[in-house]
Every structure is written in structure tokens, then in C-alpha cells.
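One structure below.
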Amino acid sequence: MCTVCGCGEGEVRVEGVDKARGQKHDHGHGHGHGHGHGHHHHDHQHVHDDGHQHHHHGDDGTLDYGAGEAGAAVPGMSRGRMIQLEHDILAKNNSYAAENRNFFANHGILALNLVSSPGSGKTALLVKTIELLGDRLKSYVVEGDQQTSADAERIRATGAPAIQINTGKGCHLDGHMVGHAVEHLAPEDGSVVFIENVGNLVCPAAFDLGEAHKVAILSVTEGEDKPLKYPDMFAASDLVLVNKTDLLPYLDFDIEAAIANARKINPAIKVLQVSAKSGEGMDAWIAWLAAARAMALAGHPLGTAAE
Amino acid sequence: MHEMSICESILGVLKDQARAQKFDKVKRVCVEIGPLSGVEIEALRFGFDVVMRGSLAEEAILDIIETPAKAWCFSCGKDIVLTERYDPCPDCGSHQLQVTGGEELRIKELEVN
């Protein structure tokens, strides 16, 4: 993997981007995207004031066990220098996510991170959603998959601009990949950007992309205990769409138990039951989108113009 | 298996720190991991050895401090300790809990030379 941004080296491909550059992800590219590639650290180094006398408190916050008068530590013990860091491991991803969030806020864009297992019907749901939104709300899609641009092609068939990110061996999208993709999509002010994450209920929970909400999609063919099996994702999501409800008559899926399980993990989570196929429940989802979009527009000039 | 990218992030921090604080070898990395951070400790140890190979932290020891998962119960107002996100309050059985600790994913300190 690339150690600059954590992307898979030679693996991550943003569709239509860097194709002529060969495999290697190029951080020296000249197109002007607004991501600070600078080192945005959250490491507030501090000296710990515990009265220890045997180490030197350096000006830079380092604790130096070998920097005394003799420049040596205890004989026979090759003690290294101790550095107190308290550095959030995901700080770099979080700084990219913050840049993305800032961009979305400045442009009155609603960004949603759609997460689910593979096969929950995310793409079909998106296709239906984009059709229902029609001209009311301009939609853009960032598609994340390990391989193929099949999903982006399905979205583009609806007329909505879409860009595919192939993560290669990666199991999730990160803030840096999404920043690049959004830059190439160039969504207009007041639009909605759907980020369809890699089908995986584990890893994407840990990586903020700068979205307003994570939306988890749980299909009724998956079993009602899924929120308990993958608690981190349901804890991180604000809304669950229980999808494929048209199949309920053929299954033993206990929808009340599924909702109760999701609320055990996240008491504040909202749940909507939808079927992208029959269209059942889609009006409630569209209403939720309209409300979330109104929130995204709050404070943006388009928000007052729309009144 | 996002533990690999977590290890890549750790290596990124080590390299940045090596430049800033002028060291070229890391002997020990001490991290604080909460049970609700989404990180599997065995996978992290495996990923650490793989990712650090050939780097300034090739021989480094990974010390893991496991922090407890804590929550505040809306129903009875107590601070409680969890093992899993879906645990109920041990006192009143409620699931109306606000997680207050256990999501740590932090490099606490380094031993370098």
C-alpha cells in the first residue's frame, strides 16, 4: 500500500483518472484539488509531569533518557528515547474527511455514505432513488468496489454522473480517495452526492469520508441478527434502510427483531422499510433525503433562495 | 482486514515523527486500542509485522494497551463498563446507553534511537 495516503499502491484506481500514468498513484499531480497534502497532525505532544528525575524533558516534548550530562543511560541497558505522542492513528484520514466535509458545506451539498454487505441491493436502490428524485435534486454517485466499473455504468444509465473507485485489495473507501473522486465529479451547488462504499459491514465503519450521514442498508434476506454481528457499522450509521421488503412473504425474517437489534446498538438510529423493486416505502426515504438536504443547505445562499 | 491500513497509518506517523524528531530507528510502538474501535488485535499484530518489514520500525515491538469500553446509562444514570456494543446496562437492563470510552485508536508513545 502507498504509505503516503494509505491507498493500495498501484491498486486504487479512480476511473478515468491517471490512466495514462501507469499503475503508480502519483502524488505529484498538478491538477488543483483542495486537499491539504501537508502534514496535518493532531499530535499534541506533551511532557508528562510525574516527577521522574531520570530523563530529560526536551523542548520539543520528547522525553530523553540518554540526554543527561553524560549522554548515557543505565549501563547494560540500551534504552531508547521515549516520545510521548497521543496521536490518533486515523488523524490523516480524518483530516482528508474534514476537507471533504468543508467542501460539501461550502457548496450546500448533501453527502451520504451508503454502507452494507455485498448484495444488499445498494446499487438498485440508488438507481431507483435517482429516478424518483428526477429533476428535483441533482444526484452524483461515487462508486466503490474492489474491481470493475459495472456499478458506475448502471448509475450512468440513469443519466446521473458517476465515478468508479476501484480499491484493488482495499476493503473500504477512505477520505483521500473520495476527495479525488468528488473533485473529478465536480458536483454542482445544492446537489446530493451518494458515496456507495465497498460492500463490507466491518472496515468502512472506521473511515470517515466527510459525509453528513452513514446510511446502512440491510436486506431482509440477510437475517435479523446482522446489527448484533456487525455492531460498529450500526453504531456509526444514522439511518438503516431495510431493503427488499417485497420478499418478506417468502422469508422468516423478523423485521421487528431486526429493528430492535439495531436500536440495541444505536438507540437513536432511524429505520425505514423499503423495496427498490416494488417502490414500497420509497416515498419515506425520499422525504428523509429532502429533510437531510434541507439541513445541508442551511446557511448556504441556495437555502434561502429556495424559500 | 482494515488493520493493514491502520498499520500503514502507524508507519506514516512514524516516518513523519522520524523527520520531525530526528531519529532513524523505532524500537517500540505503544498503542492504545479500545474494544469498540473496530480493530482486531491479532490482525493488528499480524499487519504490524508485515507492514513494518524493511522500514525504520522493522524490529519494533508493538505494545498494546487495551482500554475498557465504557458507557453512561440514560435509564439509571450510572457509568458502566461494556464488553460489546449490544450489552445492556448490568444494573437495569436498558440498551439506552451512550458510549463514553472504548473507541480509542491512538499511538501513545514511541521508544526510538
Side-chain angles (χ1 to χ4, degrees), chain A residues 1-9 39 41-43 45 48 58 60-63 65-66 73 78-93 169-172 174 200 202-207 225 227-236 260-261 263-268, chain B residues 1-23 25-33 35-40 43-44 47 50-51 55 60 74-75 82 84-88 94-99 103-113:
Chain A
M1 273 188 263
C2 164
T3 52
V4 180
C5 67
C7 63
E9 190 170 1
H39 302 285
H41 294 310
H42 291 281
D43 48 338
Q45 298 147 10
H48 69 102
D60 53 358
T62 60
L63 297 181
Y65 286 78
S78 66
R79 176 92 209 206
R81 185 156 59 109
M82 301 303 292
I83 298 175
Q84 301 272 316
L85 271 188
E86 299 291 349
H87 186 113
D88 188 336
I89 293 170
L90 292 173
K92 195 160 253 172
N93 180 69
K169 292 187 179 57
C171 49
H172 58 268
D174 64 33
N200 176 344
V202 184
C203 310
F207 293 85
D225 51 0
L228 301 183
K229 289 178 172 170
Y230 300 94
D232 294 327
M233 191 60 87
F234 290 86
N261 286 338
R263 295 226 165 101
K264 277 185 189 171
I265 304 299
N266 181 351
Chain B
M1 236 343 238
H2 70 292
E3 284 80 2
M4 290 295 267
S5 14
I6 299 284
C7 291
E8 295 285 355
S9 301
I10 293 174
L11 182 58
V13 173
L14 298 183
K15 287 179 173 174
D16 289 347
Q17 289 294 325
R19 275 190 296 272
Q21 310 224 30
K22 313 255 185 293
F23 57 83
K25 203 157 168 55
V26 179
K27 296 174 72 177
R28 196 169 64 85
V29 179
C30 178
V31 297
E32 209 171 44
I33 308 283
L36 308 182
S37 65
V39 167
E40 199 53 54
L44 189 73
V50 173
V51 169
S55 79
F74 282 104
S75 299
L82 300 174
E84 299 288 353
R85 277 196 196 271
Y86 48 78
D87 283 346
S94 170
H95 282 283
Q96 300 288 311
L97 306 175
Q98 174 71 51
V99 170
E103 294 176 331
E104 296 78 13
L105 194 53
R106 227 181 350 241
I107 304 178
K108 214 162 161 50
E109 60 177 12
L110 306 175
E111 184 178 338
V112 303
N113 55 16

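So that the names make sense, note that chain A is the first sequence line, chain B the second, and so on, each numbered from 1.
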Side chain, backbone, both or neither: which part of A/Ala206 has a heavy atom under 4.5 Å from chain B?
side chain
Rounded to the nearest 0.5 Å, the CD atom of B/Gln21 sits from the CG atom of A/Leu85 at a distance of 7.0 Å
Going through the distances and angles, do B/Lys108 and A/Glu86 end up as a side-chain contact (heavy atoms from CB on, under 4.5 Å)?
CA-CA 4 Å; B/Lys108 214 162 161 50; A/Glu86 299 291 349; 2.5 Å; yes
Run the side-chain contact (heavy atoms from CB on, under 4.5 Å) test on A/Val202 and B/Glu40 for me, step by step, so that the C-alpha distance in whole Å, both residues' side-chain angles and the decisive distance to 0.1 Å come before the verdict.
CA-CA 11 Å; A/Val202 184; B/Glu40 199 53 54; over 6 Å; no
Could you tell me the separation between the NE2 atom of A/His87 and the CG atom of B/Leu105, rounded to the nearest 0.5 Å?
10.5 Å
Sequence neighbours excluded, the answer for ring pair (Phe, Tyr, Trp, His ring centres under 6.0 Å) partners of A/Phe207 is A/His172, B/His2
Contact class of B/Val26 relative to chain A, heavy atoms under 4.5 angstrom
neither
Roughly how far, to the nearest 0.5 Å, is the NZ atom of A/Lys264 from the CZ atom of B/Arg85?
15.5 Å
Would you give the length of the straight line joining atom CD1 of B/Ile10 to atom CG of A/Leu90, rounded to the nearest 0.5 angstrom?
9.5 Å
Report the residue from B/Ile107, B/Val13, B/Leu44 that forms a side-chain contact (heavy atoms from CB on, under 4.5 Å) with A/Ile89.
B/Ile107
Flag yes if more than 12 heavy atoms outside B/Phe23 fall under 6.0 Å of its CZ atom; otherwise flag no.
yes
Whether A/Arg81 and B/Glu111 form a salt bridge (side-chain N of Lys/Arg under 4.0 Å from carboxylate O of Asp/Glu) is what I want to check.
no
Taking all non-hydrogen atoms of both residues into account, name the closest pair between A/Asp232 and B/Gly38 and its distance.
OD2-CA, 3.3 Å
Side chain to side chain contact (heavy atoms under 4.5 Å, CB included) against B/Tyr86, all qualifying residues, sequence neighbours excluded
A/Leu228, A/Ile265, B/Glu84
Counting only heavy atoms closer than 4.5 Å, note whether B/Phe74 contacts chain A via side chain, backbone, both or neither.
neither
